[in-house]
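Okay, so here's the structure we're looking at.
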Protein chains: 2
Amino acid sequence: MASSPDRPSQKTGLPRRAPTAHDVAALAGVSQSAVSRCFTPGASISDDTRRRVQAAAEQLGYRPNLIARSLIKRRSTIIGVVIPGLQNPFYSSVLEALSADLAAAGYRILLFNAPARGTPDPVLDEVLNYRVDALILVSSTLSSGLADECQNIGLPVVQLNRTAERSTVSSVVGDNHGGAATVARFLLACEHQRFAFIAGLETASTSREREAAFLATIEEAGKPVKRAVANYAFDEAQAAARMLLGGDAPPDAIFCANDYMALAVLGVARAEFGLTVGRDISIAGFDDLPMAAWPEFSLTTFRQPVRAMSARAVAMIDAQLQGTDSGRSEVVAGDLVVRGSTRVPAYGVVEVENERVWRP
Amino acid sequence: MASSPDRPSQKTGLPRRAPTAHDVAALAGVSQSAVSRCFTPGASISDDTRRRVQAAAEQLGYRPNLIARSLIKRRSTIIGVVIPGLQNPFYSSVLEALSADLAAAGYRILLFNAPARGTPDPVLDEVLNYRVDALILVSSTLSSGLADECQNIGLPVVQLNRTAERSTVSSVVGDNHGGAATVARFLLACEHQRFAFIAGLETASTSREREAAFLATIEEAGKPVKRAVANYAFDEAQAAARMLLGGDAPPDAIFCANDYMALAVLGVARAEFGLTVGRDISIAGFDDLPMAAWPEFSLTTFRQPVRAMSARAVAMIDAQLQGTDSGRSEVVAGDLVVRGSTRVPAYGVVEVENERVWRP
DNA sequence: TTGAAAGCGCTAACAA
DNA sequence: TTGTTAGCGCTTTCAA
């Protein structure tokens, strides 16, 4: 043998070389392509050869180099996932679901945790250099040249929980319009009189769609609606709540563009204004975080079915990779889950699987 | 020109070919190595050549293929991160911190979201095939051949928030022993009489170390301690709370191995047993989740400084990659943050940066 | 400063 | 079923 595979390379200062298929082939006394075949499911190889290769591979601690494989196959089995801050548990849940679904489909996640606000990270641009097989954009902000750029170069992209106007990029979203309208009708059915909406990021399609539907429905009923912006941030939501509840003619019903903000508002209403939530005031959110069901919050909220959304996104990625490019945009239906943070209307509440939902 | 770079390859059914350095070179009328130099910081190249290459690259939409670069440099600038379920916000915070710190250091994250319990995922084994530059193991369970295997093949590994006995693998942990002992002394100072500890996973070093220190300190004081196991799971923590509070001589002080379980216990104590937490009973946790400070919980807890832990882990990775292999194991100090979920002892509480901490 | 040439570790024709 | 051969797209000597 020429050299021990353990020897650090001498000329270059590069990291110690891991055993290659070539090393294994030499030890097993077969060709290097035989080694490749041994690690290729469905390849044509005899039992005898396979055993010898496996033995040699084990002895050397050989692992097929997926980087080299990617290069030649032009498939990395890596999916880039761009997702905003994980402080909001909704995104944690989404990431967890994506991780599970993508792993099941044989993909890994290259993670780009972009701040929700502020300038688009230059790091993001780099995602394409890694030759990911596809990109999943779970972000709140509307415009992103990134999505269109991918589309142009033929890289499959799916937007999750966001849409972009003037864009043909595929997307999977919850029922922002229907959900927010349902919440509005629900709060009207509770016979509330003064409404408020707390918006997330004004550049986010989610917040804009929810706001449009909510305001339209309330105004149609001839009731007043106030509005505040809290950018999907916890502390800004607290500030918005103080502003609304401390002002003239405070609202008796607040709809927040997501649960995370609703939890902040709930805390302020109770701890700082001494309100009994669900009686003095109704507070509703959007998402149905796991936490929303905790007794401390018991938050009425329109559910976004995270698992279903993740599954659809992965399916769309798969379809695009197969070339069977499916439809452009999908809306995943949800339900208004009725809990203790709102009054209960006189009609429409039904029990489904140990939960109360509103289906008038 | 022989062929348009846009043409899908005809013989193979492979994805459309992205422009390569070769294409750029042809268009710019230079050699392919000139293109490489243009994208290599500090390489020797004339301004004229650089400009021509840049123009050609832009026209073609060329992006250096990092996969090919990795193959040759034996560096992927990708770090594998193995982390359990993100339902526990502690792990979300850790992942977010790691993501920021690694990005700042020029690394990307290949994410492996392993279930906290159950059989070690076979997917995990695959992480090494991607030729990540290093591995960060943020997991709770004790034994993992993975860490040692990496160590053996010379791959830098750092364990975050866990240690393994009989292992030389580097680790960064919070002050499990000191923290739990401090919580014990704190609850004793509150003059509690009947104590309980709710353990996480019995295979997790975190839970074991916290339990050992807590129990030793309480027993030293001659007080009784009960014990339940909830495996770091929310619903199991609820069940444990029901068991403890519904039994004979229920505890008047409960220390949970982490905040996530403490929040579950808090809810049960209040909603199901009608207890006023912080008066009838003291409940303390470990981690200091962002949520612990919310008014609904106001949880007294021993803080694990996530940002500092992440920074240390990344520094250790860097050191190992530079070859300047630093120390093996680090303990990051924390503080006992005093809030409303416990009684307040007669001494030792001091105000630090708008927070009350216990420093007797 | 430049180009030619030799690989990085692997897969995929093609013959044998 | 096998081995041989030709690359995947890039970096890096080595001469020129």
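The chains referred to below are lettered A, B, ... by the order of the sequence lines, with proteins before strands, and numbering in each begins at 1.
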Give the table of side-chain donor-acceptor pairs shorter than 3.5 Å for residues 27-38 of chain A, with sequence neighbours excluded, one pair per line with atom names and distance.
unit_1: A:S31; atom_1: OG; unit_2: A:S33; atom_2: N; d: 3.4
unit_1: A:S31; atom_1: OG; unit_2: A:S33; atom_2: OG; d: 3.1
unit_1: A:S31; atom_1: OG; unit_2: A:A34; atom_2: N; d: 3.2

Starting the side chain at C-beta, find the nucleotide from [options] nearest to [X].
X: A:S44; options: D:dT1, D:dC10, D:dC8; answer: D:dT1
X: A:K73; options: C:dA12, C:dG9, D:dC10; answer: C:dA12
X: A:I72; options: D:dT2, D:dC10, D:dG7; answer: D:dG7
X: B:R74; options: C:dC8, C:dC10, C:dT2; answer: C:dC8
X: A:S46; options: C:dT2, D:dT1, D:dC10; answer: D:dT1

Is there a donor-acceptor pair under 3.5 Å between the side chain of B:S170 and the backbone N or O of B:V158?
->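 No: the side chain of B:S170 does not pair with the backbone of B:V158.
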
Taking A:E330 for the side chain and A:R312 for the main chain, is one N or O donor matched with an acceptor at less than 3.5 Å?
->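 No, A:E330 side chain to A:R312 backbone: no donor-acceptor pair under 3.5 Å.
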
Side-chain donor-acceptor pair under 3.5 Å between A:T77 and B:Y130, yes or no?
->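 B:Y130 and A:T77 do have a side-chain donor-acceptor pair below 3.5 Å.
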
Just the rounded figure in Å: distance from [atom2] of [N] to [atom1] of [X].
X: B:N65; N: C:dC8; atom1: CG; atom2: P; answer: 18 Å
X: B:R131; N: C:dC8; atom1: CZ; atom2: P; answer: 14 Å
X: B:H22; N: D:dG7; atom1: NE2; atom2: P; answer: 11 Å
X: A:Y130; N: D:dC10; atom1: OH; atom2: P; answer: 15 Å
X: B:R69; N: D:dG9; atom1: CZ; atom2: C1'; answer: 11 Å

Sorted by number, the residues of residues 32-42 of chain B with heavy-atom contact under 4.0 Å to DNA chain C |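 Within residues 32-42 of chain B, the residues near DNA chain C are B:S33, B:A34, B:R37.
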
Would you kindly compare B:A43 and B:A68 by the position of their nearest DNA chain C nucleotide and give the one closer to the 5′ end?
->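 Between the two, 5'-proximity favours B:A43.
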
Is any side-chain N or O of B:R17 closer than 4.0 Å to OP1 or OP2 of D:dG9?
->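 True: B:R17 side-chain N/O within range (under 4.0 Å) of D:dG9 OP1/OP2.
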
Ignoring backbone atoms, establish whether A:S31 has a side-chain N or O less than 4.0 Å from OP1 or OP2 of D:dG3.
->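 Checking A:S31 against D:dG3: at least one side-chain N or O falls below 4.0 Å of OP1 or OP2.
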
Can you pull out how bent the helix from C:dT1-D:dA16 to C:dA16-D:dT1 is, comparing the axes over its first five and last five pairs, to 10°?
->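 End-to-end axis angle: 40°.
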
Mind checking side chain to side chain donor-acceptor pair (under 3.5 Å) for A:R51 and listing every partner two or more places apart, or none if nothing turns up?
->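 A:R51: no side chain to side chain donor-acceptor pair (under 3.5 Å) contacts found.
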
Pairwise ring-ring contact (aromatic ring centres under 6.0 Å, His included) hits with a residue in residues 35-68 of chain B, at least two apart |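 Output for this query lists B:F39-B:Y62.
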
With a 4.0 Å heavy-atom cut-off, tell me which residues in residues 47-55 of chain A come close to DNA chain D, sorted by residue number.
->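 By residue number: A:T49.
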
